[in-house]
Amino acid sequence: MMKIRYLALLLTIVSFGGTATTDISELEKKITTLGPKKTIAQLYANNEKEWLLVTSKIAQGDQSWLQLAAQLAPGADADSAESLSSALGLAIPHNPTGVLAITSERYPPLAMANVCSLPFYSMNEIELNQYVVDAIRALYKVPNGKACLDKIISTIGQSDGYREDN
């Protein structure tokens, strides 16, 4: 349910040009000054608009945004950790090397088990199928992509199949 809300808010921001503006250097300064936990709390204010904008930028796979995700991870709680892992998972087809470079078992949002386990609930079947194909293609090209690829395949193998009500 949280993922459906996440997608709806993200679409609202994108569709209506929401007022949330996020500058990466400003966010890095906030993390340095306030710490990751307080920075995330500020991003969550106002219906999560800024947090959704940040996670959508992370999902695009730009290296600077991936590094920002790594800086935010120590301050993530349950909800923000899940959405951060999802954003990183979505970035795999765009920048598998960058995503794998920041995976770490030290912080749950960066753990390979979370990033590579298809942590998406708002995709329809066609989108999910395309994501899997794109992620597998991208990970095959990366020398250290095998563990993440194995996790994706394992997750699919343990699945009961696609269900629209997820």
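Just so it is clear, the values below take in all heavy atoms, side chains as well, and ignore hydrogens, waters and symmetry mates. This structure is a prediction, so every number in the text was calculated from the model and none was measured. Nothing fancy with the numbering, it's 1 onward along the sequence.
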**Prompt:** So do Leu100 and Leu139 actually touch side chain to side chain, heavy atoms under 4.5 Å?
**Reply:** yes
**Message:** For a side-chain contact (heavy atoms from CB on, under 4.5 Å) check, start with the C-alpha distance between Leu66 and Asn95, then their side-chain angles and the critical distance, and finish with the verdict.
**Reply:** CA-CA 9 Å; Leu66 295 177; Asn95 186 354; 3.6 Å; yes
**Asked** Is any side-chain heavy atom of Asp79 closer than 4.5 Å to a side-chain heavy atom of Glu48?
**Response** yes
**Set of ring pair (Phe, Tyr, Trp, His ring centres under 6.0 Å) partners for Tyr107, sequence neighbours left out** = none
**Message:** Quick check for you: to the nearest 0.5 Å, what is the distance between Trp65 atom CH2 and Gln71 atom CD?
**Reply:** 11.0 Å
**Message:** As an exercise, state the distance from CG of Leu27 to CG of Leu53, rounded to the nearest 0.5 Å.
**Reply:** 9.0 Å
**Fill in**
Heavy atoms of Glu105 and Ala111 approach each other most closely as OE1-CB, 3.5 Å
**Prompt:** Would you say Leu34 and Ile24 are hydrophobically clustered, going by side-chain heavy atoms of ILVMFWY under 4.5 Å?
**Reply:** no
**Message:** I need the minimum non-hydrogen distance between Ser80 and Ala76, along with the two atoms involved.
**Reply:** OG-CA, 3.3 Å
**Asked** Given side chains that start at C-beta, do those of Tyr44 and Ser83 come closer than 4.5 Å, heavy atoms only?
**Response** yes
**Asked** Quick one: are Leu68 and Ile31 in side-chain contact, heavy atoms under 4.5 Å?
**Response** yes
**Request:** Answer yes or no: is there a donor N or O on one side and an acceptor on the other, between the side chain of Asn114 and the main chain of Pro109, under 3.5 Å?
**Result:** no
**Request:** Identify the two heavy atoms, one from Ser117 and one from Thr155, that lie closest to each other, and give their separation to 0.1 Å.
**Result:** O-CG2, 3.3 Å
**Request:** First locate atom CG of Leu88, then atom CE of Met112, and finally report the distance between them rounded to the nearest 0.5 Å.
**Result:** 11.5 Å
**Request:** Spell out, yes or no, whether Leu149 and Ile156 are grouped together once hydrophobic residues are joined by side-chain heavy atoms under 4.5 Å, including indirect joins.
**Result:** yes
**Prompt:** Which value, rounded to the nearest 0.5 Å, describes the distance between Thr103 atom OG1 and Lys151 atom NZ?
**Reply:** 13.5 Å
**Request:** Might you point out which heavy atoms bring Leu128 and Met123 nearest each other, and give the distance in Å?
**Result:** CA-SD, 3.7 Å
**Prompt:** Do the side chains of Ile92 and Cys148 get nearer than 4.5 Å, heavy atoms only?
**Reply:** yes
**Asked** Between the side chain of Asn124 and the main-chain N/O of Glu127, is any donor-acceptor distance below 3.5 Å?
**Response** yes
**Request:** Answer yes or no: is there a side-chain heavy-atom contact under 4.5 Å between Asp62 and Lys57?
**Result:** no
**Asked** Any link between Tyr131 and Tyr140 through a network of hydrophobic side chains (Ile, Leu, Val, Met, Phe, Trp, Tyr) touching at under 4.5 Å?
**Response** yes
**Request:** Could you grab the distance from atom OG of Ser64 to atom CD1 of Ile58, nearest 0.5 Å is fine?
**Result:** 10.0 Å
**Crowding at CG, Asn129 (>12 non-hydrogen neighbours, <6.0 Å)** = yes
**Fill in**
CG of Leu118 to OG of Ser86, rounded to nearest 0.5 Å, is 10.0 Å
**For the student: nearest non-hydrogen atoms of Gly98 and Gln63, plus distance** = CA-OE1, 3.2 Å
**Prompt:** Is there a side-chain contact between Leu72 and Trp51 (heavy atoms, below 4.5 Å)?
**Reply:** yes
**Asked** Judged by modelled atom types alone, do Gln130 and Asp134 share a side-chain donor-acceptor pair under 3.5 Å?
**Response** yes
**Prompt:** If we only count heavy atoms from C-beta on, is the Leu90 to Thr55 side-chain gap below 4.5 Å?
**Reply:** no
**Prompt:** Of all heavy-atom pairs between Leu110 and Ala69, which one has the smallest distance, and what is that distance?
**Reply:** CD2-O, 4.4 Å
